[in-house]
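Values reported hereafter were calculated over all heavy atoms of this structure, with side chains retained and with hydrogens, waters and symmetry mates removed. Just so you know, ligand 1 is whichever comes first in the structure, and atom 1 is the first atom listed for that ligand.
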Amino acid sequence: MIHTLAIPTPFMVGRVNCYLIEDDPLTLVDVGPNSGKALDELERALGDLGHRIEDLQRIVITHQHIDHLGLVGILARRSDAEVCALDLLAPVIEDFASDAERNDELAEALMLRHGIPRDVVTALRSVSRSFRAWGGSTKITTRLTDGGELAFAGRTMQVLHRPGHSPSDTLFHDRESGEVIGGDHLIAHISSNPLISRPLGGKSGEPGGGRPRALITYMRSMRETREMDGVSVILAGHGDPVTDHVKLIDERFALHQRRARKISGLIEERPRSAYEIAQSLWGNVAVTQAYLTLCEVLGHVDLLLEEGSVAEREEPGGIVRFRSAA
Ligand SMILES: [Zn+2]
């Protein structure tokens, strides 16, 4: 039996779904952000099902975002549970602070290069630092591999690396029941952001291989998920379960195509930086959510670069503008 525990987060996305697998070992997939309120509600939700935190025997993390992993250190300490994560994700969880710092450095360089004013970049950097308090670290006891298995007394789940929303996104597929625990790979009510982060190797790309192309990586992963047999439901990291993943993925592909065409139109009018594109699409949100919107724009520009309809040029001052290649 898989139970959904919807745990509050201080973030825009709202509650995060953690999943309790009542089996041997008793397993919690994702843990919620590192906050007293999240810990309280998690404890109460476990209690409603007749369990305590100390009863947990295994903790599994789906990906590197703080709303999913923040309490991992506290829960691991209190329960002494085995902690499992994809091998590529393990070093991130083991040293969350330094990984976050390196990701902030990458984000800062990208924002400046794509035209976001320095004062906005500086402000975002301090916001990001304060967010880190909701993260957490622990030693990973079991490193999972892409294509490998996570075994229980009563079920076996296949471990599948599906990067794009983050470099570490991992799905857990019970082929017998058709259930998939999907983290933020697919969310029914919102399109998952292809957030640009440091590549971790494997399908997420190798570090140092140029600007990570998160949306292209994400679409490749969605294509793989679309082809999966024996999927009855994807239990998502936020909101309702996904019951028709093929339909949802097709809708996402259509959305990304529409957005790419819209951006293509803006670039045809005149050369623009990614920041200028974000501003004309989203106005002031391009300032308050500068990194999120930058990742959205760059993701779609990558599709246009790949089809050859757009070219990029670095201008004096080091800012990149995209222009029509037609
Ligand atoms: Zn996420």
Flag for [Y]-[X]: side-chain donor and acceptor within less than 3.5 Å:
X	Y	result
Ser324	Glu268	no
His185	Ser192	no
Thr170	Arg162	no

Problem set entry | Lys NZ or Arg CZ of Arg58 over Phe152 ring: under 6.0 Å, within 45° |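 Pair Arg58/Phe152 counts as cation-pi.
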Problem set entry | Metal-centred angle, ND1 of His65 through the Zn ion (ligand 1) to NE2 of His165, rounded to 10 degrees |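 Between ND1 of His65 and NE2 of His165, at the Zn ion (ligand 1), the angle is about 90°.
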Problem set entry | Presence of N, O or S from His68 under 2.8 Å of the Zn ion (ligand 1) |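 Of the N, O and S atoms in His68, none lies under 2.8 Å from the Zn ion (ligand 1), which means no.
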Exercise. Closer than 2.8 Å to the Zn ion (ligand 1), do we get an N, O or S atom from Asp184, backbone or side chain?
Worked result: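 It does; at least one qualifying atom falls short of 2.8 Å.
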